[in-house]
J.: 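Sharing a structure below in structure tokens format, with a few things to ask.
Fair warning: this is a prediction, and the values are worked out from it, not measured in the lab. Order of the sequence lines sets the chain letters (A, B, ...), proteins ahead of strands, with each chain counted from 1.
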Amino acid sequence: MANRRCIVDYLAKFHCPLYEDVFASVHVIQNESFIYLCNGTEFVAVYSKCEKQIVVVYQFPGKACLLEEDSKQHCLFVLCEHYGLFSVILHLKDRFPSESQQRGASVDTCRVSLDACIIKDPTIQSFILVQNLIITVGQKCRVRTLSVFGNPQLGQVSYEKIEELDIPILENVIISSDDKQARMPPYLCCVFPHGQKRMPSRGIRNFSLEPQLFTLLFGVDATMLDSPVILCGFLDGQVYYLSLRQSMPCTDDLRSGNSVFRMLYHLGQPVRFIGAMLPNDKGNSTLLLVGHYGKVIQIKTEYHCEGSLPNFIERNILGPIVSVHSSATHIYYSTPSDLMTLPLSNTSEESTSSVSDTPATENNLVPFFQSPHSLNVCKIIAVSCPTEMQTGEVELVAFSLAGKLMKVKISRGPSKTNSSRLTTAQTGQRIKDLLSGIGNVSDRASLLKSKIQSKNDSLKRLNWVFNICCLLQSCQERKEENCKETVRCHFISKWDHLLLRDSLNLTCALENSSSYILEKGWMLCVEVKSQSYSMSSDSKHFSRLYTFPIAKLLPAQTMEVSVPLSSLNDLFLYALVHCTLIYNFQGILGYQENGRQQDQNSFVTSMTFKNCICLPLKTQTVDMLDYLRLANLATLPRELVIKPVTDLVDVFLNTSSHIIHHCSEQIPLKHETQFSLEDGNFVASIKVSTELLKYGLTSTTSGVTLAASTVAWLLSSNSEADLLSLPSDPVITATTPTGKSIKIHAKEISLNDLSADLPISAVEIQIESSSLVDFCSLHWAILQRIQLLMNLKDSGGGTQPAVRMQFLWGLLHQSDVLAKTVQEVRDHLCLGLKISSEATEKLLSTYQQLRSMELVIL
Amino acid sequence: MDEGSGPRRRSCLQMWTEENNAIVAKWEEDKKNKQRTVLSPCFIELSKLLQTIQGLPPAPASIPVEVAVFYNVTLFSLSTSDKMILDENKIINVLQRVVEASGGYSRNSDILGLWCSALPVFYDNSCITSLHQLACLQWALWLLDCQLEKILDFFCVLSKYEGWSSSTSERSSGDILKFMQKISFSADASPLLLHVMSAGELKDQLYSCTVLAHGMEILAAGKYLEAAQIFKEATSLSLSMKMQSKIFTLSGVCLQNLGKPQTALQSFRRALEADFSCLYALYQSSLVYRQLGMADAEFETLHLLCRAVSVPEKQDLLFDDLKLIDPDKMLRNPALIKMFKKPSITSVKYCLAQRSLESGRIDDAVEQYLDLLEVFQEEKNQEVFTGSIVSLPRIPEIYLEAAASLFKAKKFWDATLVCEEVIKRIASIVPEKLTIAVPLKDSEGCIPAKSESFFTQLKSHYQKEEYSETVQEEKNEKLNCILWTAAAYFYQGWAFTELKDTKESITHLSRCINLLLTVHIVQSDGDCINNSEMGKITREAVKLLHRLKGLAFVRRGISFMERGQEKEALLNFQLSQQSFPESVDGAFWLLEALWRFGRKDEAVSYWQKLQESRQSVVDINNIHRDTVLFLLPQQELSTSDLETLNKKIEEYRSQAKP
């Protein structure tokens with residue numbers, strides 16, 4: 001028996017829906033010429049064996065989950081979820097002659113209407129055809145009902161209910177709430193005592209049993225009435241039987257129990273199959289029960305001096321069993337991994353008949369323990385009833401999880417002929433087997449190989465990441481300038497004129513001067529935090545985060561990215577730009593494809609960098625000096641320049657929120673202040689000592705005045721600076737983004753009265769603007785630069801010139817006066833009074849005075 | 001459904017109303033044309049409409065439309081499905097939406113609690129019609145689930161809202177039923193919204209079903225008088241013929257149990273007048289006739305029943321199908337269903353045959369039994385019967401009864417053939433030997449206890465075995481098989497005696513006796529068997545075994561006597577007396593044999609002993625009457641025979657004394 005071989009023919013390919021318990025509603029049945037299949041969808045397909053193609057596909061209103069054929073009436077009965085039982089008349093025989101000519105013609109599709117529903121009962125879970133009856137089992141809540149339907153006149157389609165019986169449910173058994181199991185329908189079959197002349201021809205789940213076994217199991221009455229017995233195997237493992245003809249003697253309540261159902265066996269696991277095996281001239285001599293988890297029960301007659309008894313022989317095979325059918329001597333079953341066959345041979349009978357005193361089970365188990373053989377067909381979710389060919393081959397139809405309908409031909413038994421006598425066909429088969437075996441092994445090997453490869457890759461990537469981390473860490477500890485080999489980034493802010501719009505962009509260049517590759521999984525993250533001009537105290541802080549995945553950045557390569565800084569309608573005082581390198585560890589494992597795509601598209605505001613390393617690269621401030629427009633814009637149409645850039649969506653969003661939330665108080669305030677903001681002429685001067693400046697002006701070209709180089713220094717980060725013929729001119733006129741012109745004027749002065757010993761040479765930077773807003777931000781920006789110089793100087797440790805205290809006193813006094821004015825206004829405000837235009841003007845002038853103080857920054 | 005979107009909502013409601021009305025009107029139209037096929041599409045369309053409505057948040061103004069559509073959909077679904085199924089969750093959903101519409105929120109998982117929070121909403125928004133519709137559906141649901149208690153609870157709550165005053169604070173079920181009858185559900189139904197069936201109409205049907213189910217519960221509890229009153233009141237309701245006949249039948253049953261057979265008969269007659277397919281009434285009247293001793297009437301009724309069962313039931317399609325809700329289907333009470341189920345042809349035929357045999361109408365009995373056996377073996381017969389109100393005994397017993405009736409009709413050959421069938425069918429499972437334990441308590445009829453050592457030996461043997469009820473049941477079944485087969489052999493043997501083939505007769509009787517002797521009877525004191533029902537059955541079976549053994553010995557003795565084997569004959573008669581001392585037959589034949597073989601002194605002394613225990617003989621005769629039918633006391637032994645024997649012995653004694 002060892003080499004049971006099988007030949008698999010693929011017949012058709014179907015769609016097979018992938019839900020967890022699909023096998024509960026996939027069924028294949030076959031007769032001599034047709035195969036019927038329901039594949040867990042609302043379609044039922046009919047495959048013709050002669051034409052070797054699908055002939056008809058029926059579409060039902062709901063999911064078809066069980067089918068049976070009535071070959072006598074050429075009817076197909078299909079159980080449909082949520083609807084009930086449908087009956088479809090097959091017109092297959094009629095189409096035979098004509099069809100042979102047009103092979104390959106298109107498949108008929110029939111939509112089955114609700115009218116074909118012969119039993120409308122959504123609770124039905126399973127059914128069986130017995131003689132001219134239909135027996136259904138349904139469950140609603142905790143009530144299981146078996147109904148018997150009959151058609152009073154043969155040939156009529158209508159069925160009417162004859163009986164309705166409640167099937168007992170053991171109190172302690174929990175009807176599984178686990179959905180996966182709950183959908184597994186109860187298994188129904190019908191047993192006849194053998195010898196009945198009218199053999200059951202309807203349905204495949206009808207079979208006969210030896211009269212003796214039948215009597216032992218189902219009672220004398222059933223035998224004497226030739227009563228069909230319905231066996232129901234349930235999810236909870238109970239197998240009940242119901243004799244269709246029985247008497248319930250009132251006097252004998254105890255013997256019959258309260259129910260017409262009696263329990264045959266409790267399998268302890270969901271019942272998958274009930275069938276009969278080992279036929280002889282008296283009928284099948286074994287009743288077979290198979291459970292979902294592999295328990296197999298064979299019920300046979302055991303001879304005993306105190307009368308024969310049914311003997312329940314138990315064995316276990318490796319489950320879970322997805323689908324199972326039995327032939328006369330073998331069980332064919334599919335587990336999730338393989339199609340198996342288990343021989344249950346007749347030999348056990350000889351030993352049982354000789355049993356006298358020894359416990360029967362011991363004797364029976366020996367021949368029974370034949371191990372199952374694999375047929376090497378995997379992922380079969382439904383097998384049909386096997387048919388035995390005259391040649392001794394067994395043929396069964398199977399349906400795989402991949403949706404393939406296949407015919408499995410199993411050659412019978414051991415090939416007793418030795419290898420030298422192998423026919424060519426057999427040799428060919430053997431070679432095919434071997435080749436397919438080799439194929440399997442190489443498949444597995446390549447799979448393992450690719451796994452190892454991917455692990456190595458991951459390790460390599462991890463190593464790189466680690467190196468880069470170390471490098472950046474060490475560079476930050478030392479001074480940045482000191483390390484040459486590192487990953488750096490530079491910012492340049494630029495005006496772009498695109499689609500008639502001017503927008504300020506920040507270009508960030510990532511320069512990989514290290515010797516490592518930045519690979520997939522690295523991201524450049526630019527965060528822009530901007531401080532906008534807003535008069536109110538809760539001014540908006542924009543914070544935006546942009547991430548850019550790095551595809552591959554080789555050593556000495558540079559990657560440039562641009563992020564929008566601002567458009568004209570949301571200008572800011574200054575912006576802080578943080579640049580970070582981020583590594584996502586999922587990159588190592590190599591399955592980030594989908595997630596990355598999303599990150600790329602949206603700029604992530606709520607992004608949480610889980611499983612990530614963040615390496616800060618650089619932080620820089622972008623201010624007015626960086627984006628002043630130095631180019632002569634007079635040539636441009638004025639409206640283009642001034643016209644605020646409006647993104648429609650932005651406008652929509654902003655207006656709605658502004659209008660509702662940002663109170664009505666703000667708008668009048670704006671109006672009130674604006675009149676003086678736009679049209680004044682604001683002048684400020686900042687005096688910086690030459691000595692201090694020299695820290696900044698490291699590269700002073702000869703022949704250029706200090707004043708001019710100061711201006712050049714101030715605008716050094718401006719992208720448009722090199723367009724102009726700087727630094728010959730100490731005066732520069734620029735245009736602010738709002739279109740206002742602004743003037744920066746630097747001149748060398750010498751301050752005599754400040755120092756006691758020597759006159760201090762200094763540069764006075766004067767700014768003039770008509771717009772207060774621009775004026776403020778420019779002033780702020782210049783101060784910012786000078787502050788940087790101060791920091792440099794502090795670290796450089798220059799000498800302080802002696803300063804005349806008197807002069808300082810004077811300045812202090814002056815500022816005291818200003819402070820008082822501010823104080824007044826503030827007090828006024830504190831009293832809750834409205835700011836008068838007078839007060840505003842006072843404040844403004846104070847502001848101006850402050851800006852044009854005689855203070856020198858040393 | 002915002003408060004603010006006034007104009008739009010109105011149009012929405014209008015739209016829904018119009019759609020609902022259109023569908024209902026379409027259905028009504030087709031109903032007039034007697035087309036039932038249109039029901040399913042109507043149902044689907046309405047379901048879609050309901051989905052649309054329920055897709056929006058609930059609002060007070062939309063309650064009437066939503067409930068009306070839900071009501072229509074549910075009634076359609078009840079009528080389209082073969083098995084009437086109502087989903088409680090759907091009702092809960094609608095109720096929750098009603099509560100939400102008023103701004104409340106109910107998490108109440110208990111449906112009655114939910115109703116309590118929903119009721120004020122209905123009253124506040126003056127949607128009484130909606131309330132009634134929904135209440136009807138809830139009522140139907142509970143009725144289908146046989147939850148009468150919940151219905152009563154619900155109406156108790158409703159009655160408080162309706163301001164229905166009751167004298168007592170604790171309302172009895174009768175009070176609530178009265179309220180249920182009185183409350184009108186058809187009040188101010190809006191003519192703008194069409195319904196497939198008015199709530200008032202549905203309520204009447206539900207009410208009558210509830211009354212019937214309630215009455216049945218009381219009847220089952222044995223309170224016949226109370227039940228009879230309920231049914232009497234129910235007859236005044238306007239009911240369908242079927243329901244009327246049911247109520248008459250049930251009240252007949254009550255009257256029968258109250259000891260008023262004549263009134264009961266009248267009630268059964270009215271039930272049959274209302275609906276002849278109510279066969280239970282027919283069967284019950286036959287029982288009443290039997291009780292009254294009116295054999296002719298009884299047989300006439302049984303014949304009528306037999307004919308009625310054989311005719312396939314014809315459904316009045318036009319009448320039945322077009323009704324949306326069949327109140328008959330609303331009754332799910334198992335007792336009621338069982339009661340009004342059509343009895344199987346087989347069981348009715350058996351009933352007739354058995355009554356014929358019992359009352360000595362042998363020719364009728366033979367005819368009926370043969371008919372019955374033919375039904376059993378007929379291939380075309382595919383009748384399904386799983387117990388009805390008319391019950392069948394075990395099938396081999398029917399065969400044996402048939403054999404007995406044939407025997408009485410002097411058709412001995414036929415009797416042997418019937419017996420052969422029994423033997424053939426059972427042979428495979430008859431055990432070679434059987435040890436059966438009989439409880440000690442009732443030890444009469446058992447073999448006297450044997451020696452102590454043997455008894456203890458067996459006892460220890462049985463203690464090893466796990467002695468459960470099922471084992472006992474299996475043993476009983478095996479004992480039954482032995483008894484049936486033995487009885488069949490017995491009849492065969494006896495038939496051969498009658499056919500004057502004494503050799504065959506002795507062979508068969510020996511088989512019978514040998515089979516009976518394979519049973520070893522031990523006495524057990526196991527309590528579990530002693531007190532159980534099973535023990536009683538075993539005892540009865542063992543009694544029967546002894547009786548059969550006695551009879552078989554007698555018959556074999558007679559056969560031996562006819563062959564002139566006196567010794568064997570005498571031995572058999574003695575064995576018969578030993579195994580079944582109460583047998584009159586055995587005693588007679590023993591005396592007769594002794595007499596014939598000239599052992600007159602022994603005969604006299606035995607006769608005297610017998611005279612002393614005559615009292616017990618009388619008792620035994622009474623027992624004979626209610627033992628199994630297939631071993632009817634044999635009529636062969638006429639009183640004249642006994643008298644002549646008595647005379648002979650008296651004469652001999654008087655001669656001997658002087």
J.: Considering all heavy atoms of both residues, which atom of B:Arg425 and which atom of A:Thr223 are nearest to each other, and what is their separation?
T.: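 Shortest heavy-atom separation between B:Arg425 and A:Thr223 comes out as NH1-O, 2.5 Å.
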J.: Of all heavy-atom pairs between B:Lys478 and A:Leu309, which one has the smallest distance, and what is that distance?
T.: NZ-CD2, 3.8 Å
J.: Before giving the answer on side chain to side chain contact (heavy atoms under 4.5 Å, CB included), spell out for A:Leu225 and B:Thr346 the whole-Å C-alpha distance, their side-chain angles and the decisive distance to 0.1 Å.
T.: CA-CA 11 Å; A:Leu225 288 173; B:Thr346 320; 5.8 Å; no
J.: Please classify the contact between B:Lys433 and chain A as side chain, backbone, both or neither, with a heavy-atom cut-off of under 4.5 Å.
T.: both
J.: For B:Leu434, which atoms come within 4.5 Å of any heavy atom of chain A: side chain, backbone, both, or neither?
T.: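 Contact with chain A is through both the backbone and side chain of B:Leu434.
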J.: If you measure from OG on B:Ser428 to CG on A:Leu213, what distance do you get to the nearest 0.5 Å?
T.: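 So the OG of B:Ser428 and the CG of A:Leu213 are separated by 10.0 Å.
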J.: Taking all atoms of both residues into account, what is the closest heavy-atom pair of B:Ile395 and A:Asp221, and its distance?
T.: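 Here B:Ile395 and A:Asp221 meet closest at N-OD1, 3.2 Å.
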J.: Would you mind checking which part of B:Ile398 comes under 4.5 Å of any heavy atom in chain A, side chain (CB onward), backbone (N, CA, C, O), both or neither?
T.: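 Nothing of B:Ile398, per the 4.5 Å heavy-atom cut-off to chain A.
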